[in-house]
Amino acid sequence: MLSLLWLVPALPFAGFLALALFGRRMGAFAAAVGTGSVGLSALFALAVAAGFISSPPPARIYTQSLWDWINVGGFKPGILLYLDSLSLVMVLVVTVVGFLIHLYSAEFMEADDGYSRFFAYMNLFVGSMLVLVLAGNLLLLYLGWEGVGLCSYLLIGFWYRQPENGAAAIKAFVVTRIGDTALAIGLFFLFLNLGTLDIQKMMNMAALRWQAGSAYPEIAAALILGGALGKSAQLPLQTWLPDAMAGPTPVSALIHAATMVTAGVYLIARTNVIFTMAPAVQFAVAVIGAATLLLSAASALVQHDIKRVLAYSTISQIGYMFLALGVGAWSAAIFHLMTHAFFKALLFLGAGAVISGLDGEHDIFKMGGLRRQMPVAFWCFLTGACSLAALPLVTAGFYSKGLILFSAWQSRRAGFWLWAAGIAGALLTSIYIFRLVFIVFFGKPKTAVVKKPGPRIVIPLVALAFLSIVGGFVNMPAFFGVKDVFSRFLESVFPVPPQAASLPETELLLETVSAIVSLAGVYVAYFFFLAAPEYSEEMARTAPGRALGKFWFSGWGFDWLYEKALVSPYRWFARANRNDAVDLIYSFIAAASRFFHYGLSLSQTGKVRFYAAVLALGAVITITIAVLAR
Amino acid sequence: MSGPDFLALLPLVLVSAMPVVVMLAIAFFRDHVLAAALTLLGLLVCFASLPFAASYAPRHITPLLIIDNYALFYMGLIFAATFAVAVLSYSYLGMLRVRREEFYVLLLLAAAGSSVLVASAHFASFFLGLETLSVSLYALVSYPSSREKAIEAGVKYLVLAAVSSAFLLFGMALVYGQLGTMEFSGIAEGAAGLRAASPAFLGAIALIVVGFGFKLAVAPFHMWTPDVYEGAPAPVSAFVATVSKGAVFALFLRYFARVDIHQMGSLVLAATVISIASMFTGNLLALLQQNVKRILAYSSIAHLGYLVVAFLASGALRVTAVSYYLVSYFIAMLGAFGVVSVLSGREGDAVDLDAYRGLSSRRPFITGVFSAMLFSLAGIPLTAGFIGKFYVIAAGAGSALWLLISMLVVNSAIGVYYYIRVIITMYSARAEGETAETALSKGAVSLGGGLLLAALTLGLVWLGVYPSPLVSLIQKTIQGLR
Amino acid sequence: MILLWLIIVPFAGGVAAWILGLRGRGGGSAARWASIAALAVDLALLAAILAGRSAAAGRHGDFFLEARAGWVPQLGISIHLGMDGLSLLLVFLTVFMGIVSVVASWTEITERAGFFHFNLLWCLAGVIGVFLSMDLFLFYFFWEMMLVPMYFLIAIWGHERRTYAAIKFFIFTQLGGLLMLMAILGLYFIHGSQTGAYTFDYFDLIGTRMSSAAAFWLMLGFFVSFAVKLPAVPVHSWLPDAHTEAPTAGSVILAGLLLKTGAYGMLRFMVPLFPDASQRFAPVGMAVGIIGILYGAVLAFGQTDLKRLIADTSISHMGFILVGIFAWNGLALQGVTMQIISHAISTGMLFILVGALQERIHTRDMDLMGRLWEKVPVMGGVAMVFALASLGLPGLGNFVAEFLILLGAFRANPAASAAASLGLIVSTVYALWIMQRVFHGDERTRWTLPDMSVREKGVAAAMIVAIVWLGLYPQPVINEAAPALDGLRRISISGPQAVKIPAPDFRLTAAAKAVPLPAEEDPAFDKKARVVPDISSQKSGEGVNERP
Amino acid sequence: MAAVPMEHVFVLAWVLFITGLVGVLVRRNLLFILMSVEIMLNASGLAFIAAGFKWGQPDGQVMFIFILAMAAAEVSVGLALVLLAYRQFRSLDADQASRMRG
C-alpha cells in the first residue's frame, strides 16, 4: 500500500503535463482530467493512509526514494518522499480538499476561456504542494515550496487581461520570494553546519550537535521562520495575501486558504526540533502570530470585498497557528491547520457561489438577503462562519482554537498575554465573520441572483460543511473524556509539549470563556450590522472612526510603507538608470577621444611652415630631454 | 675589394645598375610596358641574387658598407615591396596623362638608396643612401605634375625633408666632432668610452634622432605624413609608408644595436616619449578621419610608435619583433594602399570613405582584401599583424616595459575603432539615392593588381597562421648586429 | 587528432556554407544545411570521444584526450589541445547551441546567408578552440579570433544601432584580450627566466613561483580580460548593446557561449595559475559578482526594450558565476558549471523568443506589447518556462546552478552568499515583469501574429527538455565535470607556493596524494562549535572520481 | 687657422644652423625657404669641416662635398617643384599651398 505513495504527487503532475500539452484541444474534458487526476490522487492518499494506520511502518516513518537529484560531494539531496503522520495529515488535507475544490471549479470555471489552463495550473499546484509536504529533505521541500509559489502566481494572475491582477500576482510571488530567500539562506546554513538537508538526519544532528539556546539553532530557526512568514502571510510579509484575491475564487479557497498559505506552519512544525532549541525565535513566532491575528482581524472588520474579509481572516487564523507553534503546541497548530482548511475552503467556496450567483459582484454592501435566494450557499456559509467563529461544541473551529488558547495560556513565557491576544482575536473573528453573514445573507436583497449553483458546486460545499463540523471531534479537550486522537496520532512526530501543572478545570474554564466570547461576538455583529446598523455607521463617521477604518481598511498601512520605502525607490532608480550610469564613463572616454581628435586635427593646418615649426619644436624637446634628463 | 666582396655586394650592385639600365632602355624605346617589365625583371634578379650574396655574408666592404644577413633580409624586403609598388604603379600610371616611364627610374633609384641604407655602416653611406632615397621621392611624390595636391605634397615633403636632413647632418657633424669617427662601430666604442655621456654628445645624438624621427614620421615629427600620403599617387604613398620607413628603421636599429641606448637613460626617455606620443597622435588623428589615405597615414604614425616599443626592448626578441612587425606592416600597408590604388580613377585617388560604402556587394574581392589588411593593422588573429603585435608586446614584456605596452594596449583599442569603422563602411548598405558610385573606379582590377593583392592577402594569412619559418629566417639575421 | 578535427570541421563548414551561399537562389538554404551538417559532424565526433575515451588517456590527470603539435617552436608555442570533462561539456554545449541558433534563425537571415553562416561557424570554431586550448598563446589566439566573426554578425545583420554596438563590443573585448596577453607574457617570462624553458604550455606554467606582487598583477590581467567577457560590472556596458543589436543567432551565441569563455578562462586559467593571488582577491571578486547580480537585475528592470532587458539579465546571472568561482570549492564550481550550461539554454531561448517576436511584429518595445498570450499562447507558455528558469525556479536548471553556487559561497563567505541571495528576489521582479509587460495586461497595440511554427516549437521543445532535465536530474553533468573540477582544485593548490602558504579555501580532494588535505571546513563557524561534518572533500573524491 | 679655436667654429655653425631654421620658419616665399634650408645644410657642412680639421682627417671635407652634391640635387628638384607650384597656385607663398589639412 505504502509503496503507492509516489503516485500521489505523480498523478497531479501527469494531469498537468497532459493539460499543458493537449489541454487546448480537450475542451470540457479538461475538467475531467484535472479533477480526475486529483481525485485519483486522493484515493491513493486514502489507501496510503489506510496502510499507514493499519500496519504502521517502523518508527512510523516511511520513505520512498525515487532518484538522486543532485550529488556533489557530500551534498546529495535526493528526490525522496517521506511519510509520517504529519505529512499524512497534510497529504489528506491537500488531496481531499484539493479534490473537492477541483470538482467545484469544474462548474465554477466552466464559462472561462482558460478552462484547461486553469486545471493545468491547479494540478501543478496540487502536485507541488504534495511534494512540499512529502519532501524528505529540505531542498525537495524547497522545490515544492517554490512550486506552489509559482502556481499561486499563475493563478492569481489567471485572468491576465487585467493589469491589476498581474500586479497582485507579481506582488505575491515577490513578497513570498523574500521569505523564500531567507529560507534558502537557512538551507545553506543548515547544510554547512549539519552536513545534510535530509530532514530526519538533520533534526537528529541538530539535537546532537547544537546546544539549545545557542546561536546556531537561533540563526537557523530565524532563517526558516523568514520563509514561513512569507509563505504564510504573517507580519511583516502579509501584504500580498489580500491582493491575491484577484485570482478565481477556487484558487483562493485552495491555495490562499486551505493549503499553500499554511505551508509555513507545516515547515515550522516539520523543523520543530530546531525551534525547540531556539527559544528566542520560538517566542518570536508566538508574538508574531499574536500580533498578526489581531492586526488582520481588525482589518477584516472593515473590508467591503467579501473575499478580502476572508483573506484577512485567513491571515488572522494562520496567526493562531503561529501562536500555537510559538508556544510549542505543535499538534494544536496542525489541528487548527486542518480544521481551518475545511472551514475556510468552505467559506471561500460559499463566497464563490455567492459571487458567481451575483454575476461577479464582490462588494458586500451590494449584497443582501441572499438567505432565501441561495439557501444552500447560505447554510454552508453559515456552517463555515460558525466554525471560524468557534461557536462552542458543534464546530471544528471551537476545538482547534480552544486547544491553541489553552496551550497559549500554559506557555511559560508571557502566557497570559498571548492568551489574551488570542481571546481578543476570537472576539474580533466572530464579529467580522458574522458581520459578513448578516450583511450578505440577511437584510434586503440588493442585487439579482443570476445563477444558482449546480451539483458540482453543491457537493463540495456540503462535504466541506460536514467536515467543518466533524473535523473537530478527532481531538477533544480532556474534560470531555474523549481521547485526543489527533494529538496522539501526531505524537510520533512532535515532542510531548511541556505539560504545565494545569488541571482539566482550567481548561474547562478557558473553553467556557472562549465560548462566551465567540457568542458575544455574534451578538455584537448582530447588533451593529443587522439590528441597528445606524450605530455602526455613526461610529464610522466620526473622525477617529474614519481614520481608524481607513487605516484598518488599508491593512495597517503596510502597503503604503513598502511602496514608499522599497517599491517606489527601486522603480525610480531602475527607470532613472535605464541608460546605465556606468556607461557614462565609457561615453566620456569616447567623447574625450573625439575631443582630442578634433583638437589634433586642427594642428594639421596644411601649412608647411607650421609643420617645420613643430619639427623644430620637437627637436628642441628631444634635445632638452636628451641633455637634461640624464 | 676582393672577389667575394663583389659577390657579396652583388644585390646592391644590381639594384644600383637597374635605374641606369631602365633609363637607357627608355632613351631608346620609350615604352611603358618595356620599362615596367624591365623594372620587375630587374627586381626579380636582384631578389634572386640575395641567397647568393648570403653565402658570402657577413662581410665588411670598405668602411662604408656591411653586407650581413640582416642587410640582405631588409634588401629582400625592399625589393619585394618595390616590386609590389611597381606592379601597382603599372596600372595606376596607365590612367595618368603624363610620361610614365621615368617613374620606374625614380622608383628603382629610391630602392637603391634604401638598399644602401640598410647596408650602411658609416655616416657617409647612411647619408648617401638617405638622400638618394629622398630626392627620388620628391620627384615621385609630385609625379602627376598636373595634380595640384601632388605638387603641394611634393613641396611640403621637399622642404621638410631637407630641414630634417640638415638636422641629421648637423648631428652627424657634431658626433664626428666629438668622436673623430663616422663608422658605427667606432661610434659605439666611443660612446661606450664616454660613459657619463656628455651633454654635447647626447645633444648630437638627439639631433640624429630628429632626423630619423622625421623619416619614420613619429610624433612630433609626423606633421608631413598625412599631407604627403594624400597628395602622392597611391603607389608612391605605399612606397613612402613601407620601404622608406622600413629601411630607415632597419638602419636605426642597426645603429642603436651598436650604440647601446640603454646606457643613455635620457635617450630612452626621449624615445619613450616619442613612442607614446606617436601612438596617441596617430590613433587619435585617425579616429574620425574621412579620408582613407590620411587614415592610413595616421595609422602608420601609430604603428611606428609601436615599433619604437620593440626598439626599446632589449634581448633576443627585440630584432625579431621589429623585423616581424615590419614585415607584417609592409604587407598590410602595401595591400591597403594597393586597394586604394586599384580603386582610384583618373580624377584622383579613391580617398573618400563615403565612397567605400556598400563596396562589399559590388567588389567582394577588394573588400575582402582591404578587410584583411585592416584587420592585420588592427592586430587581429589569422593575420600577420596579430603575430607582429604579439611579438612587440612580448618584446616589451620581456624587458618589463610595462608602461609602454600598457600604452600600446590602450592604443590598440583606439586603433581598432577606426580600422573597423572603415570595414563597417564597406559592409554597410549604401543609403538610398547616393551617387558616390562615380568616385571609385568602376574598371575591373588589372590582372597584375589582382594577383598582387591576392598574393599579399595569402602572405598575410600565411604569416598569421604559420609564422615559424619567417621567425627562423629573422633569427638568422640577428648575429650580424651583435 | 580528433580534437583538432572538432575545430577544423566548423571552419571548413563555414567556408563551405559561404561558397554554397554564393549561389543566388537556394543558396541560403544550402548554407544552412551545410552548417547543420558541419555541426552534426562535430556532434558525431563528440559521441565518438564519449564512446571511446576510456581507451585513450591523456598525459595529464583528468584529461582523457590530448593532442599536441609544434607551431612556433622559437617561442615555445605549440598547438596543444586537451579535453577533460569540463571541456567536453562546454564543447558539447557549443555545438548544441550552434545547431539551435542555426535552426532558430532559419527564416530571419535572408541577406548574404552564406556569409552569415560562415561567420557563425567560425565563431563557434573559435569558441571550441578556446575550450580546448592548453597552450596560453593558442588560447589567446582563439580568444581573439572569435571576435571578428561575431563582430560581423552584429555589424551586418544587426538591428538599428548595430554599428555602435559592434564597435563597442569589439573594443571592449579587444582591450580585455590585450591585457590578458600582457599577463600571459609576464607569466611566460617569469617562468622562462626561472627554468630556462620558455613555453606557453599550460601544464608547464602551472605552479610557477613568483613574488606575490607579480602574481597579483598577472592575475589581475587575466581577471580583467575575463571580467570583460563575462561581463562583470563595471566593464559590462558593451553587453546590453551587443546583445540587443545582434541578430538572434548572434545573441544566442553571445549569451550562450561567448560570455562563458570568460567563466571558463577564470576556471581553467586564472585561479589555477595564480591560486594565492586569486584567493587574496576573492573578497573583491565576490563583491564584484554581487554588485553584478544586483546591478544587472536593476538595469534589466528599468528597460523597455525587451531584448535589452534580457541582455541585462545576463549581467546578473554572470555575477553568480563570479561569486562561485571565487568561492572555489567543489559545490560552487559545480554550480558554476551548471550555471554556464543552464544560462546558455535559458537566456538563449529567451533571445530566440524575442527574435521570433520581432520577426512577427517588428518591434522589441515592450510599451507596444501586452496581452500577447491571447494571440500566441504557445509562445507565452514557452516564455513563461524560461522566465521562470531565469528567476531560478526549482526544477529548472538554473536553480540547481544558483543554489550550488550560493551554497558553496556560503561555505567560503557567508555574508557574501547572503548578499548574493538577494539576486533571487530581484530576478523575480524582472522575470515576472517580462511576462506582465509582454504577455499579460492591457493590449497596447493590436497585433495579429501567428503562433510558433513547427520549427520553432521543435527548438523550444528541445530547450525545455534540456532545462527541465538539468533541473531534475543534473547528475550526468555533475559527474562529467567532477573529475575536471577536482583536478582544477588540485592543481590550484599543489603548486610549490601553495605548500608554503596553506590556503584554506582552495581545497583538494581525496584523490590528491601529493599534499596533505586541509580539512574542508568553515573557519568562521568552526571556532565556536565543532559541528562541521565532512562534506564535499572526502566524498567527492570517492563518489565521482573513480574513473580511471 | 690654428688661431681660431674649435669651439668658435662650432658656435658659428650653430648660429648658421639656427639662422637657417628661423629663415625656414619666418619666410613665406618658397625660394627663400629653400635658401634657408641651404644655409642649414651649409652649417652642417661647416661643422663637418671643422670636425675633420679637429681630428686631422679628410673625412669632414669629403662629407662637405657630399653635402654640396646633395644640396645641388635637392635644389634642382626643388626649383622644378617651385616652378610647378607657381604654375598651379600662381604664387610662391608657401602658406598658399595648404589644400590638404586635418
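Below, all heavy atoms of this structure are taken into account, side chains as well, without hydrogens, waters or symmetry copies. Residue numbers begin at 1 in each chain, while the letters A, B, ... track the order of the sequences.
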Under 3.5 Å donor-acceptor pairs involving side-chain atoms of residues 155-177 of chain B, not counting sequence neighbours:
| from | atom 1 | to | atom 2 | distance (Å) |
| --- | --- | --- | --- | --- |
| B:Lys156 | NZ | A:Gly606 | O | 2.7 |
| B:Lys156 | NZ | B:Glu152 | OE2 | 2.7 |
| B:Lys156 | NZ | B:Asp227 | OD2 | 2.7 |
| B:Tyr157 | OH | B:Lys215 | NZ | 3.1 |
| B:Ser164 | OG | B:Ala161 | O | 2.9 |
| B:Ser165 | OG | B:Glu131 | OE2 | 2.7 |
| B:Ser165 | OG | B:Ala161 | O | 3.0 |
| B:Tyr176 | OH | D:Gln57 | OE1 | 2.5 |

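- Atom NZ in B:Lys293 sits 9.0 Å away from atom CE in D:Met100 (nearest 0.5 Å).
- Contacts of B:Ser146 with chain D are made by backbone atoms alone, with heavy-atom separations under 4.5 Å and no side-chain atom involved.
- Within the 4.5 angstrom heavy-atom criterion, no atom of B:Gln290 approaches chain D.
- With respect to chain B, the highest number of heavy-atom pairs below 4.5 Å among D:Ala71, D:Ala80, D:Gly78, D:Ser44 belongs to D:Ser44.
- Heavy atoms of D:Ala50 lying under 4.5 Å from chain B are absent altogether.
- Interface residue D:Met70: only side-chain heavy atoms are found under 4.5 Å from chain B.
- Only the side chain of D:Leu30 comes within contact range of chain B, judged by heavy atoms closer than 4.5 Å.
- Within the 4.5 angstrom heavy-atom criterion, atoms from both the backbone and the side chain of D:Phe48 approach chain B.
- Here the CD-CG distance, from B:Glu148 to D:Leu84, works out to 12.0 Å after rounding to the nearest 0.5 Å.
- Contacts between D:Ala94 and chain B at a heavy-atom distance below 4.5 Å are absent for every atom of the residue.
- Residue contact with chain B, scored on non-hydrogen atoms closer than 4.5 Å, involves the backbone and the side chain of D:Leu81 alike.
- Scanning both residues, B:Gln178 and D:Trp55, for their nearest heavy atoms gives O-CZ2, 3.2 Å.
- Neither the backbone nor the side chain of D:Ile49 has a heavy atom closer than 4.5 Å to any heavy atom of chain B.
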